[in-house]
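Proteins get letters first, then strands, A, B, ... in listed order; numbering begins at 1 in each. All values below were derived from every heavy atom in this structure, side-chain atoms included, with hydrogens, water molecules and symmetry-related copies excluded.
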Amino acid sequence: MADPLFTIAATLRAAFAKVTGLPADSIDPVVRPSDRADAQANGALALAQQLGKNPREVAAAAVATGLLAESCSTVEVAGPGFINLTFKPEFLAAQLAEAATDPRLGVRSAAQQRTVVIDYSHPNVAKEMHVGHLRTTMIGDSLVRLLRFVGHRTILENHIGDWGRQFGMLIEHLLDVGETEAVHQLSVSDLNTFYREASEKFEGSEEFKDRARQRVVELQSGDPETLGFWRLLVDESMRHFNGVYSRLGVLLSNDDLMGESAYNDMLPIVIARLREQGLLVESQGAEVVFPEGFINREGEPLPLIVRNSVGGFGYAATDLACIIDRVERLHADLLLYVVGAPQAHHLNMVFAVARMAGWLAPPVEAVHVAFGNVLGDDRKMFKSRSGETVKLSDLLDEAVERATAAVREKNDEMPPAEQAEVGRMVGIGAIKYADLSTDRIKDYVFDWERMLSFDGNTAPYLQYAHARICSIFRRAQVDRASVRAVVPSLAEPQEKALALALLQFDSTVHDTLDKFSPHRLCTYLFELAQAFTSFYEACPVLKEGYEATRESRLALCDITARTLSKGLELLGIEAPERM
RNA sequence: GCCCUCGUAGCUCAGGGGAUAGAGCGUCGGCCUCCGGAGCCGUAGGCGCAGGUUCGAAUCCUGCCGAGGGCGCCA
């Protein structure tokens with residue numbers, strides 16, 4: 001309950017209840033940040049409207065209760081009935097001191113613990129991870145960190161594309177090349193080459209095509225030898241994926257693998273249960289369900305095809321099996337799908353069918369955490385200069401390379417090993433932050449210059465602010481933990497502004513999770529870093545002649561650094577101590 | 001044709017129904033006796049268009065324009 005806006009909202013609710021006689025929990029005091037004061041409350045306008053009274057009088061009466069005087073130095077009614085609130089510095093300082101001694105920095109636990117399945121990343125076996133996997137992986141990873149931080153139970157699921165017809169051609173190609181040679185190729189070169197060669201053979205040879213088709217049948221019927229080859233492809237692919245995950249520092253591991261193949265045995269059960277409930281319909285040779293409200297081009301009901309006309313299962317069947325598994329076996333009550341926006345229609349149909357079948361019912365919720373594309377500077381899908389999709393590993397190489405060069409240039413006295421390490425943190429952080437800092441539903445333009453800039457809303461700027469604070473403590477030779485019990489004095493406006501910003505970490509984290517939108521946390525951290533640099537510019541910490549305020553300002557520095565570091569950590573970004 | 005998402009400053013992006021719509025870059029102008037100038041302070045410039053709901057709309061609703069995406073057996 002660190003956020004003073006949150007605290008004052010509760011006080012105002014009581015004040016308005018006293019004045020109007022309405023139940024407190026039915027009142028929204030509408031507390032907002034303000035540039036005219038520390039905060040403004042606009043609730044009087046709506047209440048007055050509701051009661052047919054004068055809004056200024058309602059506001060004045062609420063002020064007259066005196067309830068606000070405890071935490072506010074000035075409370076003014078302005079305009080049509082706004083209440084402008086200015087917090088007492090002592091009030092803010094006390095709240096801040098409380099947050100400073102809290103390992104969670106004042107962030108409340110979730111009111112209700114939920115079991116959340118987060119479905120994200122999902123690369124395809126035998127294909128390189130590319131820039132298209134960046135957002136799902138970044139957003140998913142950050143949501144997991146945020147959910148855990150506020151106390152939810154998280155179940156990570158990497159729904160890799162490890163099943164389907166393409167495995168016929170892949171396995172036949174593997175056998176043509178020879179198992180040993182194929183493994184060698186897969187481990188040293190990129191996965192795309194292997195896939196392309198298999199695909200070219202499939203297109204070019206009827207004989208190969210027949211073999212590939214036969215191989216699919218064997219795979220699906222569980223032929224042990226075929227499964228062995230399949231396993232080999234999956235394992236080799238996972239080595240590549242885990243390499244990327246490790247560089248990105250995401251939480252996914254092999255323990256979180258729940259590929260399409262994992263649901264294979266459940267698919268007949270999905271069919272059986274849908275049939276049992278009378279939802280399954282035969283249409284044009286396929287077995288389908290018609291969810292309400294979905295129509296095709298001709299305006300006719302649009303089916304979700306659970307099993308196609310040749311008896312095969314598509315991804316609709318797998319996705320339905322997923323829901324059953326996540327709800328009934330894992331007992332999840334929130335299912336997050338971090339999946340691109342184009343899948344919205346498909347997912348909505350799957351959710352609709354799952355609801356019809358009763359598999360998805362309150363309090364269980366399924367949410368499509370949709371996101372837009374990564375664009376090039378031509379505003380089209382981000383591609384390499386040769387027009388190919390950009391491999392994630394190449395992207396990370398370039399980011400680290402560019403960042404390391406910048407670090408080297410600015411720190412020529414730093415040991416090369418540390419330059420490389422800091423360059424890695426800055427480069428990877430820059431990519432991740434660029435991806436997370438725009439509203440996920442929108443497309444964003446990928447721009448090396450901007451994301452690696454030390455100015456603006458970027459990871460390097462935040463990392464720099466953090467490193468600078470670490471430097472202050474090194475220079476002061478003061479142990480960071482030693483100032484945490486200090487109740488800071490907030491005499492200067494920049495000190496007060498910084499305190500106010502720090503205290504909003506709590507509500508920011510919850511707000512970020514309410515919308516599943518990490519960019520809200522990014523915006524907050526940027527504003528916090530700006531508040532800090534303004535403070536640091538105006539309020540000397542270690543200078544001669546400022547001994548009296550030194551401890552107090554060091555305390556502000558410490559909690560700022562910890563908030564920045566924790567915030568970045570929740571985004572999956574490292575904060576070096578020097579850079 | 002129908003449906004979904006998006007449209008905010010020259011560029012890239014924030015804006016939880018509330019007062020005068022913010023930031024970064026770029027522009028222009030200040031601050032180097034500067035605890036890290038990888039910084040700080042200031043300046044000019046904008047809600048695609050038209051209606052509606054509301055005491056109050058960038059925000060909610062409708063229509064139009066523009067961009068992207070989706071619309072039965074690939075995922």
(request) Please confirm whether any donor atom in the side chain of A/Asp35 sits under 3.5 Å from an acceptor in the base of B/A21, or the reverse. (result)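 No, the side chain and the base share no sub-3.5 Å donor-acceptor pair.
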(message) Distance criterion of 3.5 Å, no angle test: do you see the side chain of A/Tyr315 paired donor-to-acceptor with the base of B/A75?
(response)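 Indeed, a donor on one side and an acceptor on the other fall under 3.5 Å apart.
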(request) Inspect the contact between A/Arg550 and A/Glu547 and indicate whether a charged nitrogen and a carboxylate oxygen are less than 4.0 angstrom apart. (result)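 Looking at A/Arg550 together with A/Glu547, the answer is no, because their closest N to O distance does not fall below 4.0 Å.
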If the cut-off is 4.0 Å, is [X] near the phosphate of [N], judged by side-chain N/O to OP1 or OP2?
X: A/Arg468; N: B/G37; answer: yes
X: A/Tyr461; N: B/C40; answer: yes
X: A/Thr533; N: B/C40; answer: yes
X: A/His346; N: B/C74; answer: no
X: A/Thr318; N: B/A75; answer: no
X: A/Arg379; N: B/U12; answer: yes
X: A/Gln284; N: B/G72; answer: no

What nitrogen or oxygen pairs link the protein and nucleotides 23-31 of chain B at under 3.5 Å?
from: B/A23; atom 1: O3'; to: A/Gln530; atom 2: NE2; distance (Å): 3.4

(message) Can you pull out every side chain to side chain donor-acceptor pair (under 3.5 Å) where at least one residue sits in residues 309-322 of chain A? Sequence neighbours excluded, please.
(response)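 Every pair satisfying side chain to side chain donor-acceptor pair (under 3.5 Å) with a residue in residues 309-322 of chain A: A/Tyr315-A/His346, A/Asp319-A/His346.
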(message) Short of 4.0 Å, heavy atom to strand atom, which residues of residues 366-377 of chain A count as contacting RNA chain B?
(response) none
Report, one line per pair, each donor and acceptor closer than 3.5 Å where one atom sits in a side chain of residues 513-520 of chain A; sequence neighbours left out.
from: A/Ser517; atom 1: OG; to: A/Lys515; atom 2: O; distance (Å): 3.0
from: A/Arg520; atom 1: NH1; to: A/Asp511; atom 2: OD2; distance (Å): 2.9

Using atom [atom1] in both nucleotides, what's the gap between [N] and [M] to the nearest angstrom?
N: B/G26; M: B/U12; atom1: C1'; result: 11 Å
N: B/U43; M: B/G24; atom1: C1'; result: 16 Å
N: B/C6; M: B/A21; atom1: P; result: 24 Å

Would you tabulate the side-chain donor-acceptor contacts of residues 408-415 of chain A under 3.5 Å, counting partners in other chains and residues two or more places apart, or write 'none'?
from: A/Asn411; atom 1: ND2; to: A/Val407; atom 2: O; distance (Å): 3.0

(message) In whole Å, I'd like the distance from the CG atom of A/Asp511 to the P atom of B/G16.
(response) 9 Å
(message) Taking the nucleotide of RNA chain B with the nearest heavy atom to each, does A/Lys543 or A/Gly314 sit closer to the 5' end?
(response) A/Lys543
(request) Map every base of RNA chain B to its dot-bracket character, where paired means a Watson-Crick or G-U wobble contact with both distances under 3.5 Å and | marks a partner outside the strand. (result) (((((((..((((....[...))))..((((.......)))).....(((((..]....))))))))))))....
